[in-house]
Protein chains: 2
Amino acid sequence: MSDADRIFKDSIYEQIARVGRAVAHPRRLELLDLLCQAPMTVEQLAQKSALPIGSASQHLQHLKAARLVIADRQGTYMRYRLKDDLSCSLLHTLKTVAEQYYAEMRVITEDFLMDHQNLQAVSITDIQTRGADDSLTLVDVRPVEEYKAGHWPGAISIPLEALADRLMELPVDHTIVAYCRGPYCLLSLHAVKTLQREGFHAVRLIEGVSDWRARGLPIVLGDAPLK
Amino acid sequence: MSDADRIFKDSIYEQIARVGRAVAHPRRLELLDLLCQAPMTVEQLAQKSALPIGSASQHLQHLKAARLVIADRQGTYMRYRLKDDLSCSLLHTLKTVAEQYYAEMRVITEDFLMDHQNLQAVSITDIQTRGADDSLTLVDVRPVEEYKAGHWPGAISIPLEALADRLMELPVDHTIVAYCRGPYCLLSLHAVKTLQREGFHAVRLIEGVSDWRARGLPIVLGDAPLK
DNA sequence: CAGATATTCCATTGATCAATAGAAAGGTAT
DNA sequence: ATACCTTTCTATTGATCAATGGAATATCTG
């Protein structure tokens, strides 16, 4: 093989490695995961990922340099968002590999859930099969901005923080299905605990919006009529 | 959010980042790409990627630790292979992101191909549409082991090294379609140049076996009858 | 234009990772 | 058992990356 050939290959693999390096840090993955939910400012991202603003900004710069996300100014805020759904698919692929290849993922999840008994979880396919059944109420417990940026058809928005004050909006005779950002987001878990404490029959939906997005399932934008 | 919640999330993202770190280095991507073709020994991998044995071994350890590949001893040789096709899909996703998001990929490829004029390239869909047309001969110019580990149905195996000596096996009135490991492998490029110099009408197939594998297209194993 | 706010830049420190060469380990064959 | 071969381990050096805090920049408001 000639020198020119070698240089060509090195350049190509170097470009692919740019993608790899961008997703080689846990904090950046968390930020990317959040951006799969909705566009957000640095401040929001830092708060939701429990990062100092400076660090969050630096990691976002890194993601921007790898062009997985783009940033645009909105007044004094800087708003970051995914370049497109391919970034979301990339993260989804990485999660799938980790879930398939690392038994640690199961162990970590199971160990954690041991502390939270009585938490029934359902999958989106379960919901779809008993779709005709009308005794389910789907609740999106993420912050409202994320709901507006895309939510499951028919779901109503009650952010976890407001849940305790808005229980009267929920039908007592229904099964309440709470969902959030995905299997590793804990909003729906806490929602279900609250609901059960208040006497509702509540279950947790495993998947989140980004999982549906990566799979090409339908997502509704904007406000939806409350039931 | 409680401390336990934060520890859980950190652990989960740390696991996902293991995947990211494994693919964050150009040399490891090249090794993974090679393993998408066929299982190989450390020596073969080192030779094909122009790496010192020690470095190749170290990078393979890294891939093994991330469980994208597995190793088993065969006599004095150590044979590495992909864990399964999911590793291949992972690499395919990374390539797709790089191709979609980085104009540099196009620039590098175009600059390189400037030095190689008269190189017509066809896609696998082109081949499939004119499938009924019988005037095509598909040639797999990779090393025989890789051909045996999976090749396009109907393709014959003539490794690039043997091509000059085996021209008589090719029909002069056909269009010869050469393929190799993928768009960034240069074996088919050199094959087409050789064939053209010898008076054949030859074109390069853009995709390689790993691209078909990642897409779930049919692949034939073992020796195939020569035409 | 001054003051307030959000974000980025910069410089420093510590940590992790890559490349290399030579020694060691595991396996085969005589 | 010895010699030989392939691969891995170990240690060192240099390079890159992450975290942090404080200064600088950009925008909006009064």
Side-chain angles (χ1 to χ4, degrees), chain A residues 6 9-11 13-32 34-35 39-81 145, chain B residues 6 9-11 13-32 34-35 39-81 145:
Chain A
R6 192 65 251 167
K9 282 197 187 179
D10 286 351
S11 317
Y13 284 111
E14 173 55 36
Q15 291 300 314
I16 307 174
R18 284 175 71 185
V19 185
R21 278 195 297 267
V23 295
H25 196 284
R27 270 41 246 268
R28 281 198 290 277
L29 290 167
E30 185 165 3
L31 291 169
L32 198 58
L34 286 167
L35 288 170
M40 290 179 210
T41 66
V42 179
E43 194 177 37
Q44 291 175 311
L45 287 161
Q47 188 256 314
K48 292 182 194 196
S49 61
L51 274 175
I53 297 268
S55 297
S57 173
Q58 193 170 299
H59 282 302
L60 289 165
Q61 300 289 321
H62 207 135
L63 288 173
K64 193 171 73 172
R67 283 178 243 168
L68 300 183
V69 308
I70 46 188
D72 50 307
R73 214 171 239 294
Q74 293 219 340
T76 132
Y77 292 91
M78 193 63 87
R79 190 173 204 69
Y80 281 85
R81 63 178 199 278
E145 322 87 72
Chain B
R6 192 63 252 169
K9 282 197 188 179
D10 286 351
S11 317
Y13 284 112
E14 174 55 36
Q15 292 299 315
I16 307 174
R18 284 175 71 186
V19 185
R21 277 195 299 266
V23 295
H25 197 284
R27 270 43 246 271
R28 282 198 290 276
L29 290 167
E30 184 164 4
L31 291 169
L32 197 58
L34 286 166
L35 288 171
M40 290 179 209
T41 65
V42 178
E43 194 176 37
Q44 291 174 311
L45 287 161
Q47 188 256 314
K48 293 183 193 196
S49 62
L51 274 176
I53 296 267
S55 297
S57 174
Q58 193 169 300
H59 281 303
L60 289 165
Q61 300 289 321
H62 207 136
L63 288 173
K64 192 171 74 172
R67 285 179 241 167
L68 301 183
V69 307
I70 46 187
D72 49 309
R73 220 172 233 296
Q74 293 219 338
T76 130
Y77 293 90
M78 193 64 86
R79 189 172 204 70
Y80 280 85
R81 62 176 198 278
E145 321 88 72

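Protein chains get the first letters and strands the later ones, always in sequence-line order, with residue 1 at the start of each. Every value quoted in this text rests on a predicted model; they were computed, and no experiment measured them.
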Legend entry - Closest approach of A/V69 to A/L60 (non-hydrogen atoms, all atoms of both residues): CG2-O, 4.2 Å
Legend entry - B/R28 side chain to B/R21 backbone, donor-acceptor under 3.5 Å: yes
Legend entry - Pair B/E43 + B/K48: basic N to acidic O under 4.0 Å: no
Legend entry - Whole-Å gap separating P (D/dC28) and CE (A/M78): 11 Å
Inset, instruction - Of all the heavy-atom pairs spanning B/R79 and B/T41, show the shortest one and how long it is. - result: NH1-CG2, 4.0 Å
Inset, instruction - Please work out if B/Q58 contacts a base, only the sugar-phosphate, or nothing of the nucleic acid, heavy-atom cut-off 4.0 Å. - result: base
Inset, instruction - Please report, rounded to the nearest Å, how far the P atom of C/dG27 is from the CZ atom of B/R79. - result: 17 Å
Inset, instruction - Nearest whole angstrom, please: distance from the C1' of D/dT6 to the CG of B/D72. - result: 15 Å
Inset, instruction - Would you please test B/Y80 and B/L45 for side chain to side chain contact (heavy atoms under 4.5 Å, CB included) and show each step? - result: CA-CA 9 Å; B/Y80 280 85; B/L45 287 161; 4.2 Å; yes
Legend entry - Which nucleotide in C/dT8, C/dT20, D/dT7 has an atom nearest any side-chain atom of B/I53: D/dT7
Legend entry - Value in whole Å for how far the P atom of C/dT28 lies from CD of B/Q74: 11 Å
Legend entry - Sorted by number, the residues of residues 19-28 of chain B with heavy-atom contact under 4.0 Å to DNA chain D: none
Legend entry - Polar side chain donor-acceptor pair, A/R27 to A/H59, under 3.5 angstrom: no
Inset, instruction - Would you please confirm or rule out a distance under 4.0 Å between OP1 or OP2 of C/dT8 and any side-chain N or O of A/S57? - result: yes
Inset, instruction - State whether A/H59 places a side-chain N or O below 4.0 Å from either non-bridging phosphate oxygen (OP1 or OP2) of D/dA19. - result: yes
Inset, instruction - Ignoring backbone atoms, establish whether B/Q61 has a side-chain N or O less than 4.0 Å from OP1 or OP2 of D/dC9. - result: yes
Legend entry - Residue-phosphate contact under 4.0 Å: A/S55 side-chain N/O, D/dA19 OP1/OP2: no
Inset, instruction - Let me know the distance between CD of A/E43 and C1' of C/dT8, rounded to the nearest Å. - result: 15 Å
Legend entry - For atom CZ of B/R18 and atom P of C/dC17, their distance in whole Å: 12 Å
Legend entry - Length of the CG-P vector between B/L45 and D/dT6, whole Å: 15 Å
Legend entry - Phosphate contact (D/dA18 OP1 or OP2) by A/H62 side-chain N/O below 4.0 Å: yes
Legend entry - Whole angstrom value for the distance that separates C1' of D/dA18 from CG of A/L51: 11 Å
Inset, instruction - Give the nucleotide from the list D/dT27, C/dT7, C/dG26 with an atom nearest to the side chain of B/R73. - result: C/dG26
Legend entry - Listed nucleotide nearest any side-chain atom of A/Y80, set C/dG27, C/dT7, C/dT8: C/dT8
Legend entry - For B/R6 against A/S49, the heavy-atom pair lying closest together: NH1-O, 3.6 Å
